[in-house]
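Here the structure is laid out as structure tokens; the discussion comes afterwards.
Positions are given from 1 along the sequence.
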Amino acid sequence: MLGRLNHVAIAVPDLAEGIRIYRDVLGAKVSAPQAEPAHGVTVVFVELPNTKIELLEPLGDASPIKGFLDKNPSGGIHHVCYEVADIIAARDRLKAEGARILGDGEPKIGAHGKPVLFLHPKDFSGTLLELEQA
């Protein structure tokens, strides 16, 4: 069911500082910041030869990233995103296996303009998973 690793997301308390570290210190290509109000975050993507790193900063006080940063003030790995060929078929298979889909269970459009779903970390060895339509 799983395709390629799309990205690893890192929550950061200061997006500008995260950009500086990846661009200036590590020499990576970093996209322009992109606000994603439906997900409560502002994101950038660090482009690597084999995948991407997504840096997430809270967008507003209701952001789910704010709670994560309250517990992890320096930031840290937030989730891992895998591509799937058919997000609805993947969702239905996972639900049949007892996995919990976060939110209302319907895909939302993610930062890449494709449908995404998030899976409860307690069902996946403590890791929040994002599935993205390939």
Side-chain angles (χ1 to χ4, degrees):
M1 176 174 51
L2 294 181
R4 68 189 271 290
L5 173 66
N6 185 281
H7 65 268
V8 174
I10 301 173
V12 296
D14 181 345
L15 191 59
E17 178 62 8
I19 292 168
R20 185 194 72 76
I21 290 168
Y22 276 86
R23 184 190 59 216
D24 302 341
V25 176
L26 296 173
K29 182 178 177 184
V30 180
S31 72
Q34 177 179 327
E36 293 292 330
H39 297 280
V41 296
T42 300
V43 304
V44 297
F45 286 96
V46 178
E47 297 178 28
L48 303 174
N50 60 341
T51 192
K52 295 179 283 298
I53 301 294
E54 178 184 41
L55 302 181
L56 306 163
E57 177 182 67
L59 180 62
D61 289 335
S63 171
I65 302 305
K66 184 177 179 326
F68 180 88
L69 288 171
D70 287 346
K71 295 176 187 171
N72 305 279
S74 298
I77 294 176
H78 183 262
H79 68 267
V80 177
C81 178
Y82 298 106
E83 294 178 0
V84 293
D86 182 334
I87 200 160
I88 299 300
R91 177 201 61 193
D92 293 348
R93 177 179 168 185
L94 288 162
K95 284 174 74 173
E97 292 290 330
R100 290 173 279 180
I101 312 300
L102 297 180
D104 64 7
E106 293 300 318
K108 290 184 179 179
I109 299 303
H112 295 120
K114 297 179 179 183
V116 300
L117 288 170
F118 285 88
L119 308 175
H120 201 293
K122 289 184 178 177
D123 297 338
F124 296 95
S125 304
T127 303
L128 178 63
L129 298 185
E130 178 182 17
L131 300 181
E132 180 177 287
Q133 178 82 38

(request) Start with the C-alpha distance between Y22 and L55, add both sets of side-chain angles, then the distance that settles side chain to side chain contact (heavy atoms under 4.5 Å, CB included), and finish with yes or no. (result) CA-CA 10 Å; Y22 276 86; L55 302 181; 3.9 Å; yes

(message) Working note: V44 + L15, criterion side chain to side chain contact (heavy atoms under 4.5 Å, CB included); need CA distance, chi angles, decisive distance, verdict.
(response) CA-CA 8 Å; V44 297; L15 191 59; 4.0 Å; yes

(request) Show the numbers, then the answer: is there a side chain to side chain contact (heavy atoms under 4.5 Å, CB included) between R91 and E106? (result) CA-CA 9 Å; R91 177 201 61 193; E106 293 300 318; 3.1 Å; yes

(message) Evaluate N6 against H112 for side chain to side chain contact (heavy atoms under 4.5 Å, CB included), listing each step before the verdict.
(response) CA-CA 10 Å; N6 185 281; H112 295 120; 3.2 Å; yes

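Taking hydrophobic clusters as Ile, Leu, Val, Met, Phe, Trp and Tyr residues chained together by side-chain heavy-atom distances below 4.5 Å, L2 shares a cluster with V8. A continuous path of ILVMFWY side-chain contacts below 4.5 Å connects F124 to V84, so both sit in one hydrophobic cluster.
Defined by atom type and a distance below 3.5 Å, a donor-acceptor pair is missing between the side-chain atoms of E132 and H7.
Salt bridge status for E83 with R4: present, with a side-chain N to carboxylate O gap under 4.0 Å.
Interatomic distance, CD of E36 versus CD of E54, reported as 8.5 Å (0.5 Å rounding). For the atom pair I65 CD1 and D70 CG, the distance stands at 11.0 Å (nearest 0.5 Å). In this structure, the separation between CD on E130 and CZ on F118 is 3.5 Å, given to the nearest 0.5 Å. The CG atom of D86 lies 11.0 Å from the CE atom of M1; values are rounded to the nearest 0.5 Å. For the atom pair CG (L117) and NZ (K95), the distance works out to 9.5 Å, reported to the nearest 0.5 Å. Going from atom CZ of F68 over to atom NE2 of H79 covers 10.5 Å, rounded to the nearest 0.5 Å.
The number of heavy-atom neighbours closer than 6.0 Å to CG of D61, taken from other residues, nucleotides and ligands shown, is 12 or below. Atom CG of L5 has more than 12 neighbouring heavy atoms from other residues, nucleotides or ligands inside a 6.0 Å radius.
Between I101 and L119 there is a side-chain heavy-atom pair separated by less than 4.5 Å. Side-chain contact between L128 and L102: present, with at least one pair of heavy atoms (C-beta onward) separated by less than 4.5 Å. For the pair I10/I53, a side-chain contact is recorded, criterion being any heavy-atom separation below 4.5 Å from C-beta on. Side chains of V12 and L56 form no contact here, defined as non-hydrogen atoms less than 4.5 Å apart. Contact of the P58 side chain with the V41 side chain is not registered, since no non-hydrogen atoms from C-beta on lie closer than 4.5 Å. Residues Y82 and L129 form a side-chain contact, since some pair of their non-hydrogen atoms from C-beta on lies under 4.5 Å apart. For the pair T127 and V80, the minimum side-chain heavy-atom distance is below 4.5 Å. Contact check for P33 versus I19: side-chain heavy atoms found under the 4.5 Å cut-off.
E47 contributes no side-chain N or O that, together with a main-chain N or O of V30, makes up a donor-acceptor pair within less than 3.5 Å. The backbone N or O of K108 sits nowhere less than 3.5 Å from a side-chain atom of H39 that would complete a donor-acceptor pair. Under the 3.5 Å distance criterion, the side-chain polar atoms of N72 are left unmatched by any main-chain donor or acceptor of S74.
The list of side chain to side chain donor-acceptor pair (under 3.5 Å) pairs with a residue in residues 113-123, not counting sequence neighbours, reads R100-D123. Sorted by first and then second residue, the side chain to side chain donor-acceptor pair (under 3.5 Å) pairs with a member in residues 9-18 read E17-R20; sequence neighbours excluded.
Nearest heavy atom pair, residue P115 against residue I109, reads N-CD1, 4.0 Å. Taking both residues in full, the closest heavy atoms of S63 and G40 are given as OG-O, 2.5 Å, listed atom of the first, atom of the second, then distance. In terms of heavy-atom proximity, P107 sits nearest to I88 at CG-CD1, 3.8 Å.
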